[in-house]
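Sequence lines set the chain letters: A, B, ... in the order given, protein chains first and strands last, and positions in each chain run from 1. Not measured: the values here are computed from a predicted model.
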There are 2 protein chains.
Amino acid sequence: MYTIGQVSQMCNIPVSTLRYYDKEGLFPHMERVSGIRKFSDRELETLHIIDCLKKSGLEIRDIKKYMQWCAEGSSSYPQRRELFENQKKAVEKEIEHLQKTLDMLRFKCWYYDTAIADGNEDRINEMLPNNLPVDIQKLYDHAHSDDED
Amino acid sequence: MYTIGQVSQMCNIPVSTLRYYDKEGLFPHMERVSGIRKFSDRELETLHIIDCLKKSGLEIRDIKKYMQWCAEGSSSYPQRRELFENQKKAVEKEIEHLQKTLDMLRFKCWYYDTAIADGNEDRINEMLPNNLPVDIQKLYDHAHSDDED
DNA sequence: TTAACAGATAAACTTGGCTTTAGGTCAAGA
DNA sequence: TCTTGACCTAAAGCCAAGTTTATCTGTTAA
């Protein structure tokens with residue numbers, strides 16, 4: 001069992017944030033001893049899941065809904081399974097978007113390397129948009145491709 | 001040349017957002033004809049870069065700073081190059097984090113598949129935290145590993 | 001000529017996720 | 001005893017990134 005201050009240090013999360021999560025109902029099983037919160041390993045694992053679901057794009061209120069499903073027992077397995085499936089798809093899609101973003105950034109690094117070497121952007125502008133070096137063209141084209149959702 | 005409404009449709013961005021970006025100084029070269037904004041291909045490419053920098057985690061004010069650097073000419077090539085280099089690193093790191101998030105989500109999908117098949121979580125809890133099926137253990141361990149920054 | 005649009009502005013509002021503030025309880029050490 | 005520090009609550013505040021609202025202008029179509 002840990003106090004809120006210990007959890008804050010261990011997990012590197014402000015005390016105010018932990019209290020906020022608690023107020024929002026993200027630790028439905030947390031015990032209290034004369035008013036003082038007692039975090040157990042269960043709550044530490046919950047913090048892991050909160051972090052995961054947050055990064056996957058879920059809002060606090062939806063994380064709360066998940067916690068409530070957990071409290072409902074085995075009847076909510078299907079909903080919970082579906083939630084994770086959906087968030088998995090969302091994160092896969094976001095990683096794809098970020099790969100495209102990355103290719104734009106890589107292109108821009110090449111762009112400025114070249115501009116610095118040349119002292120201007122004239123040569124690059126002559127190559128744009130279709131006569132870039134093969135590898136760079138790939139980055140550029142990927143970065144400028146549309147997503148068909 | 002395009003009106004704000006045309007750009008909004010083409011790029012699927014609300015008119016209000018385009019005006020907001022303009023107000024924040026993200027289109028320093030945009031022309032106006034008797035008060036009406038005229039978006040050119042330059043502004044469309046700028047929208048691409050705004051999108052890229054936003055996704056990489058940059059705030060509007062920093063994107064504005066970049067636009068100002070562009071207006072300063074070749075003397076700011078090094079700063080611009082450094083900006084893209086930094087954002088590239090930031091996105092690479094974020095993709096790594098998301099890969100870990102993804103492994104947690106995959107683990108949870110397996111978890112609930114198993115719980116649904118068993119009707120309860122007893123068997124899973126016996127396997128936790130170190131006796132999961134090999135492939136699943138990998139997901140679990142990766143998802144629960146600490147980042148040493 | 002009048003109504004409907006598309007464009008414009010300034011300023012207020014919204015949202016989510018915290019953080020800060022103000023005020024209070026309780027236990028331990030000087 | 002008194003003060004320090006960790007805990008508590010409720011409520012207000014903050015911030016970024018838009019969005020909405022109220023009001024105005026100019027063009028076209030019936």
For nucleotides 24-28 of chain C, which of its nitrogen or oxygen atoms have a protein nitrogen or oxygen under 3.5 Å away, and what is each distance?
none

For this session: Among residues two or more places apart or on two chains, list those pairs meeting side chain to side chain donor-acceptor pair (under 3.5 Å) that have a residue in residues 10-21 of chain A.
Result: A:Tyr21-A:Lys54

Under the side-chain contact (heavy atoms from CB on, under 4.5 Å) rule, collect the residues that match up with [X], sequence neighbours excluded.
| X | result |
| --- | --- |
| B:Lys64 | B:Leu26, B:Gln68 |
| B:Ile36 | B:Lys38 |
| A:Asn125 | A:Tyr111, A:Glu121, A:Leu128 |
| B:Asp51 | B:Lys55 |

Exercise. Does A:Glu72 have any salt bridge (charged side-chain N to carboxylate O under 4.0 Å, His left out) partners at least two apart in sequence or in another chain, and if so, which?
Worked result: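 Once residues adjacent in sequence are excluded, A:Glu72 has no partner under the salt bridge (charged side-chain N to carboxylate O under 4.0 Å, His left out) criterion.
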
Problem set entry | Results of salt bridge (charged side-chain N to carboxylate O under 4.0 Å, His left out) for B:Asp62 - residues two or more places apart only |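 Testing B:Asp62 for salt bridge (charged side-chain N to carboxylate O under 4.0 Å, His left out), a comparison that skips the adjacent residues, returns B:Lys65.
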
Exercise. Is it the case that B:Ser40 and B:Glu43 place a side-chain donor and acceptor less than 3.5 Å from each other?
Worked result: yes

Kindly state which residues belonging to [range] come within less than 4.0 angstrom of DNA chain C, counting heavy atoms of the residue only, listed by number.
| range | value |
| --- | --- |
| residues 20-48 of chain B | B:Arg32, B:Gly35, B:Ile36, B:Arg37 |
| residues 53-66 of chain A | A:Lys54, A:Glu59, A:Ile60, A:Arg61 |
| residues 8-17 of chain A | A:Pro14, A:Ser16, A:Thr17 |

For this session: For A:Lys88 and B:Asp103, run salt bridge (charged side-chain N to carboxylate O under 4.0 Å, His left out): C-alpha distance rounded to whole Å, both residues' side-chain angles, the deciding distance at 0.1 Å, then the answer.
Result: CA-CA 9 Å; A:Lys88 187 163 72 78; B:Asp103 279 349; over 6 Å; no

Problem set entry | A:Glu82, A:Glu85, A:Arg80, A:Gln79 screened by side-chain hydrogen bond (donor to acceptor under 3.5 Å, both in side chains) with B:Tyr112, the one that passes |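 Answer after filtering A:Glu82, A:Glu85, A:Arg80, A:Gln79: A:Arg80.
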
Exercise. Is the A:Tyr140-A:Phe107 ring centre distance short of 6.0 angstrom?
Worked result: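 Distance test on ring centres: under 6.0 Å, yes.
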
Problem set entry | Heavy atoms from other residues, nucleotides or ligands near CD of A:Glu45 exceed 12 (cutoff 6.0 Å) | yes

Exercise. Does the salt bridge (charged side-chain N to carboxylate O under 4.0 Å, His left out) test come out yes or no for A:Asp22 and A:Arg32, once each step is laid out?
Worked result: CA-CA 12 Å; A:Asp22 186 28; A:Arg32 288 193 181 223; 3.1 Å; yes

Problem set entry | First and last nucleotide of DNA chain D, 5' to 3', lying under 4.0 Å from heavy atoms of chain A | D:dC7 to D:dT9

Exercise. Is there a side-chain contact between A:Ser8 and A:Ile13 (heavy atoms, below 4.5 Å)?
Worked result: no

Exercise. What distance do B:Asp122 atom CG and B:Met127 atom CE have between them, rounded to the nearest 0.5 Å?
Worked result: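 One finds 11.0 Å between CG of B:Asp122 and CE of B:Met127.
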
